[in-house]
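Have a look at the structure below before the remarks.
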Amino acid sequence: MSLNEKSFLRKNFHQSKWDEPIIFELSKKGERGIFVPEVEDEIKEVVGNPIERLPETIQRKKDPNLPELSQARVLRHFLRLSQETLGADLNIEIGQGTCTMKYSPKVNERFASSQKVAEIHPLQDEETVQGMLEIIYKTDLFLREISGLDRFVFQPGGGSQAALTNASITRAYHEARGEGEKRNEIITTIFSHPSNAAAAAVKGFKVITLYPDKEGYPDIEALKKAVSDHTAGIMITNPEDTGIYNPRIKEFTRIVHEAGGICSYDQANANGILGITRAKEAGFDLSFFNLHKTFSSPHGCGGPACGAVGAKKELEKFLPVPLVDYNGTKYYLNYDISNSIGKVRSFYGVIPVIVRSYAWIMSLGEEGLKEVAKTAVLNSNYLFRKILKIKGAGAAYASDKHRFEQVRYTWEQLTKDTGVTTEDVKRRMCDFGLHYWLSHHPWVVPEPFTLEPTESNSKDELDEYIEALELISHEVYTDPEKVKNAPYHSVVHKINNETFDNPEKWAITWRAYLKKYKKKE
Amino acid sequence: MYRVGLIVNPIAGMGGRVGLKGTDGFEALERARKLGAVPRASKRAEEALKELLVISNHIKMLTYSGDMGENEAKKLKFYTEVVGHTARNETTSKDTQQAAEKMMELNADLILFAGGDGTARDICSAISDEFPVIGIPAGVKIHSSVYAQNPRKAGELAVMYLTGKIKVLKEAEVMDIDEEMFRQGVVFARLYGYLMIPYEKNRVQNVKAGSPASDEYYQQAIAHDVIENIEENTIYIIGPGTTTRQIMLCLGLEYSLLGVDVVQNRKLLAKDVAEYDILKLIRGKKSKLIVTPIGGQGYIFGRGNQQLSPDVIKEVGIQNIIVVATQTKLNSLRIAPLLVDTGDMELDRTLNGYIKVTTGYGEQSIYPVTF
Amino acid sequence: MFFLTELPLRSGKKAKEFVGTMSALCGITAGVYLALMGPQGMQDIGKIIMQRSMYASKRLSEIKGVKTSYFTAPFFKEFVVNFDNIGLTVEQINKELLKKTIFGGKDLSREFPELGQSALYCFTEIHTKRDIDILVDTLKDYFTE
């Protein structure tokens, strides 16, 4: 074990623990958090009690079952819960590979929460939202430049919805050519983000999954076998979730085009190639960027998010409406899109997310964006080399080659040697206040973990994370029980997560909890 | 108090180090001894038992006498009850069978056994197909998937099952190859049946995903896909395996789990047929062949389904082979190709390449095949 | 400790399901709001919104040529206002209102031509009596010009 001379690793860390009850258990009859201003007396005189005018059948017989708390108690409750959560700003957030958890500059929050952004209504007259429309339009121009594609739309509220939009456009394209019935297969790879396969299935496509070849690259021979006149398109990630970039990507898109298919690029995470390679040159027709990943809008524990969908000129006419256009004097919403797939979300997108991304791009400029990708890839390869030296750790496939912005690692050796699993390591990482994620399911790489350092972390920070992994590996080989029984310094200790698999035991609402658990007491 | 049956096949694994392929039969055992083989099953069993020490206060071990388990259990100071004796010096497969039967009679919560494919076969023939077991790998031949990855893992799995952390059981294949033929270089693997093992779901499946993701669930998805694409009048030859069985279950037909069944227009034409019968049924007619990889190595032909001979495959036509496998099964191959060993080199060469594998409803993979 | 991560799923059997990063934080915000309001707060706000929107409907219907009774069923915060007898389009009216920094109701004439020159007006707890009176007076002034 090579512990650094100057170590930042916090061995006495403990996550905040408040023993906070469920909010319903805090409820006290008659307490109020806020009062709604009463109506003026004149209004009362004119309308009386309008509730009486509602048919009896739609009037509630019972009060809504909500907790009753004062404002200070509500504040305390939610602050405590937030302190019991290891958020991105509270740890060296490199453990959520594929999600690009970069530092989101706080100044951008001020733009997003400014009244001029937060309080505008999507149905306001275009004249009154010219500034906002300009931001959307210019962000579109930026993304065109970054991807080489011809038009972007910001409606989809996340990456999965963007993938679904791409699948819808692919379907609309073939339908417009009278081949909708016949072209019913979408090809993907096992290490592409699983949303692609899921989105294709939701659109009614058959999904054909390609496995890697012996070197760990997407198998081009398998692709040649997979394409036919049933091929609607390919939906893939590159670099894949393993951090391996498909060097034959142009060949891939050519094969699919020759078969008559559409090529969709899942660029949810484009952090490793920003300003370096483009969707257009790789031969893609459609693409999407997750603004909450590469473009620095925070994930917000699962949204609000935005999956910006880009299309080549030939596919523009299928994009969802409205698009934001500029006629030389003013910006306007363009609903006049001939073959539009319709709307995928209300109005024109998640505005605060676009604003943050716009600000982020503006602050970096062309050179800055390239610097982001270079630093992210450099950081990732530093981490990669260091982790391969840790006893029991490895990386699936092509471990002698460079990776992009992330790597899927494996503790296969560690598990074989000791029986300690990646799940155990994950729990032990909590004891150092560090987040650590495994992999999408089902696992192809055994005992996986996926790390993505992004451009936001310094060498010292990466070293701290590496030191934690080294220490845990050392513990596993000397005192495996310690790791197996972790965590010790978290909000809760080891829990039996089998209940997550059992719908009989789920209680995701207070009512379900009362029904399933309180009854028995 | 958990009651754990422990069966050690003391001679398992002796042939491996000295280049013999298994120790089934006295002669082979003698040869192994002469070549300097030493028993290793005992050591492997102890490795597994060590994992159970954490709950040893709650365990009662049921064993047969001497090196069939008593020694190992007592060495690690488990509370041990000897429930039977071997009459002779050498343990035979009869002893293993009797021990397993006895433990089932005594209502053990679980049987842990150390051995190889032969041992698994003995256990399989002795106990009901609902009784939970875990195999500690100690033999030379480990084609059966009733065995844990390693002894330690077997012990861990036992603890998780006993303490209720794992409640679900799954069927695992018991396979064995003919040792005499194997020594001569010919692999003839047969599927002997299934045993129930604790199903450690989170290692392989969708955890926290919200879907009742069991092997059966994915097998049903595959069955729905296959059934939806059934062609009128075409004869379907359904190979052995749990994934292919689900097709028969979804069709509501009788089936033979270890054998080959033949279906036409959703009706059973013949059950558990031999090569000759298959050829008679399909000769000159349009037919399709549905197979699933059997055993851990990913064989689609030549292991456990020898009825599907080169002649049958040629009569059906390679383009009419439908391979079905859950994604979990494919993933477990770790990007190694599927394998064929039909016995006909020419045919194996033709099958070499890529094949479409149905992995779910409307889901396929293009997967490499080699020989 | 609890991490909400992306969990997109592939289809199983014939069912299809997937989730991802969408709008979780909005859910937390709504949870905080409901906790602050409590059962009485939600009752109050429902009643208050109805009172304000009914008052607005009543006042608007007093303008000669304006119809607010297009649909007769009880309504909550939104109702249709018809201007067919005014002789002006909703677009023209809204342009005029905008000059006075008032956002008029959503123009329904394109999506629901059968409703003629109609707009969907919406009033909630944030609109005071004074706000509503200014709207009504502005319209009156405009129509009598």
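We name chains A, B, ... by the order of the sequence lines, and we start the count at 1 in each one. Atoms considered below: every heavy atom in the structure, side chains included; atoms not considered: hydrogens, waters and symmetry mates.
Only the side chain of A:Gln124 comes within contact range of chain C, with heavy atoms under 4.5 Å apart. Residue contact with chain A, scored on non-hydrogen atoms closer than 4.5 Å, involves the backbone and the side chain of C:Met50 alike. Interface remark: C:Pro39 contributes backbone and side-chain atoms alike to the contact with chain A (heavy atom separation under 4.5 Å). Looking at C:Leu98, the atoms closer than 4.5 Å to chain A (heavy atoms on both sides) all sit in the side chain, from C-beta outward. With a 4.5 Å cut-off on non-hydrogen atoms, C:Lys58 touches chain A through its side chain but not through its backbone.
A 4.5 Å side-chain heavy-atom check between C:Leu25 and A:Pro304 finds at least one atom pair inside the cut-off. Residues C:Met37 and A:Leu66 have side chains not in contact (no heavy-atom distance under 4.5 Å, counting atoms from C-beta outward). Between A:Asp125 and C:Asn94, the closest side-chain pair of non-hydrogen atoms is not below 4.5 Å.
Taking CD of A:Glu40 as the reference point, atom OH of C:Tyr55 lies at 8.0 Å (rounded to 0.5 Å). Taken from CG in A:Leu54 to NZ in C:Lys47, the straight-line distance is 12.0 Å, to the nearest 0.5 Å. Here the OG1-CZ distance, from C:Thr29 to A:Phe78, works out to 9.5 Å after rounding to the nearest 0.5 Å. Note that CG of C:Leu34 is 11.5 Å distant from CG of A:Asn65, once rounded to the nearest 0.5 Å. The structure places OG1 of A:Thr128 at 4.5 Å from CZ of C:Phe103, a figure rounded to the nearest 0.5 Å.
When the heavy atoms of residues 78-87 of chain C are compared with those of chain A, none of the residues falls under 4.5 Å. Within residues 126-136 of chain C, the residues that have a heavy atom under 4.5 Å from a heavy atom of chain A are C:Thr128, C:Lys129, listed by number.
Looking at C:Gln51, its side chain does come within 3.5 Å of a backbone N or O of A:Gly48 through a donor-acceptor pair.
Counting heavy-atom pairs closer than 4.5 Å to chain A, the top-ranked of the candidates C:Gly31, C:Ala35, C:Gly27 is C:Ala35. Between chain C and the residues A:Val46, A:Val74, A:Ile34, A:Ile43, the largest count of heavy-atom pairs under 4.5 Å involves A:Ile43. Most heavy-atom pairs under 4.5 Å with chain A: of the set C:Glu125, C:Arg52, C:Gln40, this distinction falls to C:Arg52.
Within a 6.0 Å sphere centred on NZ of C:Lys140, other residues, nucleotides and ligands contribute more than 12 heavy atoms. The environment of A:Asn49 atom CG is dense: over 12 non-hydrogen atoms of other residues, nucleotides or ligands sit within 6.0 angstrom. Within 6.0 Å of CZ on A:Phe347 lie more than 12 heavy atoms contributed by other residues, nucleotides or ligands. The 12-atom threshold is not exceeded at CD of C:Glu91, counting heavy atoms of other residues, nucleotides or ligands nearer than 6.0 Å.
Listed by first then second residue, pairs satisfying salt bridge (charged side-chain N to carboxylate O under 4.0 Å, His left out) with a partner in residues 51-72 of chain A read A:Lys29-A:Glu68, not counting sequence neighbours. Among pairs with a residue in residues 99-109 of chain C, those fulfilling side chain to side chain donor-acceptor pair (under 3.5 Å) read C:Glu96-C:Lys99, C:Lys106-C:Glu111, C:Asp107-C:Ser109, at least two apart in sequence or across chains.
The nearest pair of heavy atoms linking A:Cys301 to C:Ala24 is O-CB, 3.7 Å. Pairing each heavy atom of A:Val36 with each of C:Gly41, the nearest pair is CG2-O, 4.1 Å.
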